[in-house]
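Please read the structure below before turning to the comments.
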Amino acid sequence: MRPEILNPLFVPVSELEGIGPKLTRNLTRFFHGAENAEPARIADLLFHLPHTVIDRRNQPGIANAIEGQVQTFKIVVDRHSPPPRGNKRVPYRVEVHDDTDEMTLVFFRGHQEWLSKSLPEGETRYVSGRVERFNGKLNMVHPDLMASEADFAELPLLEPVYPTTAGVSGKVMAKSVRTALSCLPDLPEWGDRELIRREGWPSFREALSKVHRPQEDGDLSPDSPARRRLAHDELLSGQMALALLRMRMRKSKGISRVANGRLAREATDRLPYSLTNAQIRSLGEINDDLAKQERMLRLLQGDVGSGKTIVALLSCLNVIETGAQAAFMAPTEILARQHFANIEPLCSRIGINVALLTGKNKTAERREILARLEVGDIHLIVGTHALFQGSVGFHDLGLAVIDEQHRFGVHQRLTLGDKGMATDILVMTATPIPRTLVLTAYGDMDVSKLDEKPPGRQPIQTNAISSERIEQLLERVRSAVNSGSKVYWICPLVEESEEIKAMSAEDRFRDIESRFGSVVGLVHGRMTAEQKTQAMDDFKQGRSRILVATTVIEVGVDVPDATIMIIEHAERFGLAQLHQLRGRVGRGSDASHCLLLYYTPLSENAEARLKIMRETEDGFRIAEEDLKLRGEGEILGTRQSGMPGFNLAQMEHHSDILDMARASSRLMLERNPGLDDETGNAVRILLYLFGQDQAVKLLRAG
Ligand code: ADP
Ligand code: MG
């Protein structure tokens with residue numbers, strides 16, 4: 001049970017004064033990904049940090065403006081240029097100047113009446129905002145502030161600015177956070193006192209107040225004591241959860257399973273290829289672990305297309321050979337079905353029983369599977385997280401493979417412990433994440449790396465194409481399809497609901513279908529599992545040749561003879577996601593292409609992302625660049641870019657704190673494994689505060 005002291009922070013935001021149902025819906029979509037998700041809570045607001053502060057003392061003059069920084073300018077309005085009638089794509093521009101230079105204020109879908117009132121020609125105004133340079137000229141897109149001299153004199157000189165979303169203005173967001181802040185109780189200290197004294201950190205509550213009510217420039221800097229304190233708390237909760245998991249796993253002894261590799265050999269003999277050295281090495285490492293008396297907790301890390309699946313399957317066969325069972329969990333329904341379709345034929349030929357269990361099995365079928373699983377008649381079960389529900393029992397689960405691709409989450413791993421006390425665990429991840437992130441997301445796992453791609457792969461040629469050339473692109477698609485190629489067409493990333501995602505995919509589908517006819521397929525998240533499977537199968541078998549898709553295909557989908565990947569509105573995607581999507585092609589021996597279709601104007605950050613994609617296929621480099629770019633504050637949202645979601649900590653600034661948090665969590669558990677003294681109780685509060693409820697349960701179960 002969550003400690004009572006935290007209750008005020010976990011009530012829905014609608015409980016706050018001034019937050020009605022509509023705003024609640026918008027905030028819920030923003031914080032939890034969909035309007036119908038768990039409603040946004042006060043804690044979500046508290047952990048939503050300002051991305052910048054308007055420091056109205058910062059008035060450099062246009063000529064000395066620094067790109068990317070929020071600054072204030074005292075300007076004179078020269079001229080309004082509204083877009084030509086009916087053309088909503090062209091922004092509304094307002095030319096302004098000061099003593100030093102000129103610049104342009106840019107408004108998309110600007111409202112003429114409002115703009116002429118806020119910025120009368122010939123008058124002096126104060127404007128604040130982030131400036132960027134396009135074609136040599138300074139632009140400010142959607143100023144955060146436009147005020148007359150009189151109004152400006154009334155304003156606080158420092159004001160936090162928050163990332164926002166459709167339907168929540170900056171002002172409303174700031175006000176909501178302020179109200180939320182008044183609900184924050186004093187919480188007991190969970191940190192290591194010595195550390196806090198040495199670092200000169202404020203308490204958690206003081207730190208949150210400081211970042212939401214900055215008093216000086218530096219308060220929001222990632223290096224400020226307040227920000228470091230908050231980063232520490234978030235990281236400590238994560239490290240503590242991982243440490244608890246580890247403790248729990250170490251406590252339960254493993255079973256030594258020594259296979260001589262007979263089944264695995266029978267399987268490899270039937271493969272149309274031979275294993276790469278990296279695959280052989282990783283298999284060896286896994287086998288050594290299986291043979292040990294300890295439980296295995298290993299991460300198999302390999303870039304998209306490096307061939308993780310077969311390594312996992314052969315490991316399963318080794319475990320099965322010793323008489324135990326294996327489970328293979330995929331992050332999505334589509335992937336589970338795909339793995340099953342790939343694995344089952346091979347297994348049945350060597351006498352291994354495989355079944356598929358997802359949320360979609362019919363009742364009778366499900367009952368039969370569960371019964372056979374319990375007596376050990378099913379050797380290998382493939383499925384989604386449905387595998388780890390309470391009703392699923394195994395005869396002797398020896399190995400659980402968790403294919404996370406790049407979706408991180410400790411939760412599934414936490415529930416695994418219940419299924420077989422001696423179960424070895426192999427987690428697979430596609431993004432070659434830097435070490436700091438491995439530690440954050442997984443704790444001290446052993447790592448096997450597939451650092452070599454199967455031979456014969458050709459480099460994927462990547463080009464960026466402006467939307468103005470879409471007709472040319474479509475011609476190219478036509479000739480490619482005519483000569484037998486298969487094409488993915490990924491629809492734009494839209495921030496709104498699944499509904500709107502599906503709509504935009506359907507629009508694009510109709511458009512392409514009207515040109516190409518019946519060779520076009522469609523897959524999106526709103527379709528039923530059967531429809532999705534059918535669409536994927538049609539594409540795989542070649543009944544469709546162009547697959548219009550949302551990012552539901554982002555992870556793990558394997559259609560080796562698809563050779564063209566088109567990503568529409570590529571400028572909206574984060575690097576990690578672009579890399580994942582591109583990894584869907586280049587899996588066979590034919591040359592592949594990735595075409596990044598972009599719409600102007602491009603921000604410098606978006607331009608940098610497209611450039612990196614053109615330059616390299618190296619997942620490590622992409623992961624590093626991604627971290628750097630996103631560190632610079634472009635708000636792509638962690639949810640969309642698929643990296644572990646931190647609100648308060650920023651890996652590129654706080655990796656030293658990660659080490660501290662790791663050390664303190666260990667130390668605390670060594671001293672007090674039950675977390676039942678005063679600090680221990682405070683740590684429990686910390687865990688609940690950051691949503692690590694599962695980890696606290698481990699304590700009780702332990
Ligand atoms: P990922 O690591 O992204 O999960 P997969 O396991 O899906 O990659 O493998 C990608 C493709 O490469 C599959 O079509 C698979 O059959 C093939 N493959 C795997 N290992 C090899 C190999 N050693 N030689 C050739 N092809 C391989
Ligand atoms: Mg895979």
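One-based numbering, in listed order, for ligands and for the atoms of each. We number each residue from 1, following the sequence as shown.
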### Summary
Taking only non-hydrogen atoms of Leu275 and a 4.0 Å limit, the atoms of ligand 1 in range are 23 (N)
### Task
Please name the pair of heavy atoms, one in Met428 and one in Val401, separated by the smallest distance, quoted to 0.1 Å.
CE-CG1, 4.0 Å
### Query
Backbone, side chain, both or neither: what part of Asp558 comes under 4.0 angstrom of ligand 1, heavy atoms only?
side chain
## Note on the structure
In ligand 1, the atoms that come under 4.0 Å of a heavy atom of Thr276 are 23 (N)
### Arg457 heavy atom under 4.0 Å from ligand 1
yes
#### Entry: Atom of Val382, atom of Ala336 and distance for their closest heavy-atom approach
CG1-O, 3.5 Å
### Nearest heavy-atom neighbours spanning Ile490 and Phe573
CG2-CZ, 4.2 Å
### Message
Less than 4.0 Å is my threshold; does some heavy atom of Gly305 fall inside it relative to ligand 1?
### Response
yes
### Query
Is Lys308 touching ligand 1 with its side chain, its backbone, both, or neither, if touching means heavy atoms under 4.0 Å apart?
both
### Query
N/O of Gly307 under 3.5 Å from N/O of ligand 1, yes or no?
yes
### Query
With a cut-off of 4.0 Å, which atoms of ligand 1 are near a heavy atom of Ser306?
2 (O), 8 (O)
### Query
Who pairs with Lys611 by salt bridge (charged side-chain N to carboxylate O under 4.0 Å, His left out), at least two apart in sequence or on another chain?
Glu615
## Note on the structure
Checking heavy atoms under 4.0 Å, the part of Met428 that sits near ligand 1 is neither
#### Entry: Glu285: partners by salt bridge (charged side-chain N to carboxylate O under 4.0 Å, His left out), with sequence neighbours left out
Arg298
### Message
Pairing donors with acceptors under 3.5 angstrom, does anything connect the side chains of Glu333 and Thr358?
### Response
yes
### Query
Would you say Pro272 touches ligand 1, if touching means a heavy atom closer than 4.0 Å?
no
### Query
Which pair of non-hydrogen atoms, one from Leu356 and one from Asn361, has the smallest distance, and what is that distance?
O-ND2, 3.1 Å
### Query
Is the Phe340 to Phe328 ring centre distance short of 6.0 Å?
no
### Task
List every atom of ligand 1 that sits less than 4.0 Å from any heavy atom of Ser274, numbering the atoms from 1 in the order shown and giving each element.
22 (C), 23 (N), 24 (N)
### Query
Hey, which atoms in ligand 1 end up nearer than 4.0 Å to a heavy atom of Thr309?
4 (O), 5 (P), 6 (O), 7 (O)
